[in-house]
Protein chains: 2
Amino acid sequence: MITIKDVAKEAGVSVATISRVLNNSPGVSDETRERVLSVIKRLNYNPNLLGRNLRRMETKMVLVLLPTISNPFYARIVKGIEDVAQKNGYGVMLCNTDSNVEREKMYLELLKNRLSDGVIFMAPEMDKDELNEIGEKYAVVQCCEYKEGANVSHVSIDNYKASYKAVKHLIGLGHKHIGLISCKNNFLSTKHREEGYKSALEDSGIPFNPDYIRYGDYSFKSGFRAAQGLLNDHKEITAIFAISDIMAIGAIKSCCENGLKVPDDIGIVGFDNISFAPMYNPSLTTVSQPKYDIGCTAMELLIKQIENKGGNKENIVLEHELIIRHSTVK
Amino acid sequence: MITIKDVAKEAGVSVATISRVLNNSPGVSDETRERVLSVIKRLNYNPNLLGRNLRRMETKMVLVLLPTISNPFYARIVKGIEDVAQKNGYGVMLCNTDSNVEREKMYLELLKNRLSDGVIFMAPEMDKDELNEIGEKYAVVQCCEYKEGANVSHVSIDNYKASYKAVKHLIGLGHKHIGLISCKNNFLSTKHREEGYKSALEDSGIPFNPDYIRYGDYSFKSGFRAAQGLLNDHKEITAIFAISDIMAIGAIKSCCENGLKVPDDIGIVGFDNISFAPMYNPSLTTVSQPKYDIGCTAMELLIKQIENKGGNKENIVLEHELIIRHSTVK
DNA sequence: GATATTTATGTAATCCGTTACGTAAAATAG
DNA sequence: CTATTTTACGTAACGGATTACATAAATATC
């Protein structure tokens with residue numbers, strides 16, 4: 001393997017000069033710089049960053065922990081993260097945690113072992129206190145999902161308001177019996193979306209019926225089953241709000257298989273505006289998060305933390321939007 | 001920051017002993033080992049892997065380059081890769097190339113700079129010769145998509161046979177006028193899938209009509225438009241085979257919007273069996289690749305190359321399966 | 001009990017770039 | 001023309017962990 005020494009010898013200068021050329025540091029004559037660059041090219045030299053990283057104690061790499069890349073919701077967010085990272089000379093490592101604390105902790109070793117300069121959590125699994133501990137020693141940002149009370153920056157939308165707006169849309173269409181497909185977890189977004197649902201009903205003078213809530217696990221199948229259960233037990237239901245698009249799609253499929261027409265017989269609203277939402281048949285009314293911007297903002301926050309060596313806790317709330325499609329109106 | 005020296009001083013031994021404990025090397029008394037471990041825990045010491053990596057000239061990290069994580073096709077493959085990686089002590093970095101040669105090359109710097117021990121390409125963008133050059137110096141595996149004639153290992157299915165089978169299925173249902181939605185690119189999979197389509201027709205005595213082929217770009221919209229064009233120009237068409245599920249889904253949507261019933265009026269077959277295929281309305285008949293196994297196999301091949309320091313070129317072909325759903329039969 | 005072997009540990013070189021510091025030569029100032 | 005500053009380098013320490021080699025102590029062998 002070619003090292004900086006080989007290049008130095010070949011160019012007839014010291015390794016320090018090579019390093020200066022590599023880093024565009026001042027103090028090298030144009031002539032020498034040219035010569036060194038040509039030797040580098042001729043020998044096809046690639047600096048071994050392990051040496052640099054050790055010396056500088058940084059890797060210019062950040063970790064992005066997400067539950068699973070198979071959830072299309074994350075794709076645009078990741079794009080935003082990557083674009084900002086690239087612009088600032090950082091690389092991005094995506095890691096699937098499978099919503100598994102063990103796996104999450106395994107990947108966090110990369111942070112502790114200095115193989116990564118910071119981490120973005122899409123949905124932290126560990127508890128608030130552990131998260132806080134990590135946040136004190138390393139650069140950390142939470143993205144979309146976050147832990148209440150954790151003293152760690154986050155970027156997200158106002159899930160309460162978004163959910164409120166979605167349910168108000170259904171009410172505005174004349175629906176009075178609206179089911180909710182939620183999840184049993186302790187994500188804050190879930191709690192806020194449920195609260196938004198309740199408030200929207202109550203503010204419209206519609207009594208809240210706890211049996212109108214069914215729980216899934218963000219999967220298609222769980223949405224399918226939840227809708228089936230709801231419509232079976234409560235014939236009067238004419239609309240369903242699901243806290244994720246994939247469950248909403250499961251709900252639509254379930255309606256269609258039971259001979260119900262969407263949106264004529266049942267109106268359905270999802271959440272997230274995944275890329276499949278407009279493709280579905282019928283296309284899905286849903287709440288859109290500014291995914292790309294969320295990603296960009298999270299990465300910007302992270303870089304600020306890395307470069308200022310910690311400090312700056314910031315929480316940023318971005319705007320959502322209700323996108324009306326054919327699962328609620330013809 | 002706590003280093004190995006701090007631990008050594010605190011435990012009253014040399015750094016070599018600490019290192020031996022960290023690596024489970026022999027030659028440390030139980031008593032000393034215990035003591036060192038307790039000091040490590042007490043000081044909350046995390047070894048800095050930058051030092052280890054530099055010394056060992058390895059990072060136990062591999063690169064996976066994919067066009068985009070938003071294509072759900074890759075999710076299961078990545079899972080296979082990750083599971084095998086984890087079992088063997090490797091970490092996985094996923095990187096989006098956006099099907100962009102520049103971005104692909106940028107990420108390959110991680111290999112050249114020794115920040116990664118090997119790379120898996122899901123769909124190499126660079127040309128055969130460049131790929132070969134990389135393959136000579138580093139551990140490289142191609143997964144699903146591969147370059148013809150490149151002397152670099154690959155894992156894939158037999159796209160020709162798979163496509164042949166899919167079209168034969170349509171012919172078996174009585175269809176005689178079958179459109180094809182393909183892509184204009186130079187992927188080998190595309191070429192083979194087109195060839196399979198032609199052979200299936202010819203072997204069944206159905207003349208091949210070049211105007212029955214339309215081209216998309218793997219997107220929903222392009223599938224939608226292609227189907228619209230085909231059905232507009234050729235009222236006699238009763239079936240469409242698309243070389244990707246997402247385009248097939250676009251085709252279904254297009255049919256439905258034009259008042260055609262799937263599968264009664266038009267039968268549609270896709271390719272890849274993405275997670276959305278069974279969720280769609282109607283569910284999609286498609287060719288299933290053993291995605292998880294493909295991922296596992298690719299990673300196994302890569303590890304073999306890394307640990308044997310190159311050598312072993314191997315090409316592995318795995319079995320596919322035709323999955324019949326409601327887009328072709330009631 | 002002397003010798004050979006094994007065990008447990010330490011010392012120091014090493015991996016590759018970076019960078020603080022030193023120095024000689026060139027440029028500038030007076 | 002001398003004194004000062006600037007420029008263009010070189011030398012060597014450094015970052016943290018690994019590991020070949022050395023060594024002292026403990027154990028086994030006869």
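Here is the naming used below: chain letters follow the sequence lines, and residue numbers restart at 1 for every chain. Predicted model only: the values in this text are computed from it and were never measured.
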Touch check for [X], heavy atoms < 4.0 angstrom, all strands: base, sugar-phosphate only, or nothing?
| X | result |
| --- | --- |
| S25(B) | nothing |
| L50(A) | nothing |
| S19(B) | base |
| N23(A) | sugar-phosphate |

Just the rounded figure in Å: distance from [atom2] of [N] to [atom1] of [X].
| X | N | atom1 | atom2 | value |
| --- | --- | --- | --- | --- |
| N48(B) | dG16(D) | CG | P | 7 Å |
| M57(A) | dC14(D) | CE | P | 14 Å |
| L115(B) | dC15(C) | CG | P | 19 Å |
| R56(A) | dA20(C) | CZ | C1' | 15 Å |
| R52(B) | dT14(C) | CZ | C1' | 16 Å |
| I18(B) | dG10(C) | CD1 | P | 9 Å |
| N53(B) | dG17(C) | CG | P | 15 Å |
| N24(A) | dT19(C) | CG | C1' | 16 Å |

Candidate nucleotides [options], ranked by approach to the side chain of [X] - the nearest:
| X | options | answer |
| --- | --- | --- |
| V15(B) | dC9(D), dT18(C), dT18(D) | dT18(D) |
| M1(A) | dC16(C), dA12(D), dT18(D) | dC16(C) |
| A16(B) | dT19(D), dA8(C), dG16(D) | dT19(D) |
| L22(A) | dT18(D), dT18(C), dC15(C) | dT18(C) |

Presence of [X] side-chain N/O under 4.0 Å of [N] phosphate oxygens OP1/OP2:
| X | N | answer |
| --- | --- | --- |
| T17(B) | dA8(C) | no |
| Y45(A) | dC16(C) | no |
| T32(B) | dT9(C) | yes |
| T3(B) | dG15(D) | no |

[Y] side chain reached by [X] side chain, heavy atoms, under 4.5 Å:
| X | Y | answer |
| --- | --- | --- |
| L131(A) | F121(A) | yes |
| P67(A) | Y218(A) | no |
| K41(A) | L37(A) | no |
| V152(A) | K147(A) | no |

Check your understanding: Does a side chain donor of either S25(B) or N23(B) reach within less than 3.5 Å of an acceptor in the other side chain?
Key ->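 No, N23(B) and S25(B) have no side-chain donor paired with an acceptor closer than 3.5 Å.
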Point to revise | Side chain R20(A) and base dG10(D) donor-acceptor under 3.5 Å | key: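 In this structure, the two groups form a donor-acceptor pair.
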Exercise for review: Report yes if a donor N or O on one partner sits less than 3.5 Å from an acceptor N or O on the other, where the partners are the side chain of R55(B) and the base of dT14(C); otherwise report no.
Suggested key: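 Looking at the base of dT14(C), it does pair with a donor or acceptor on the side chain of R55(B) (distance under 3.5 Å).
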Point to revise | Spatial distance of atom CG (L49(A)) from atom OG1 (T59(B)) [nearest 0.5 Å] | key: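 Output value for this atom pair is 11.0 Å.
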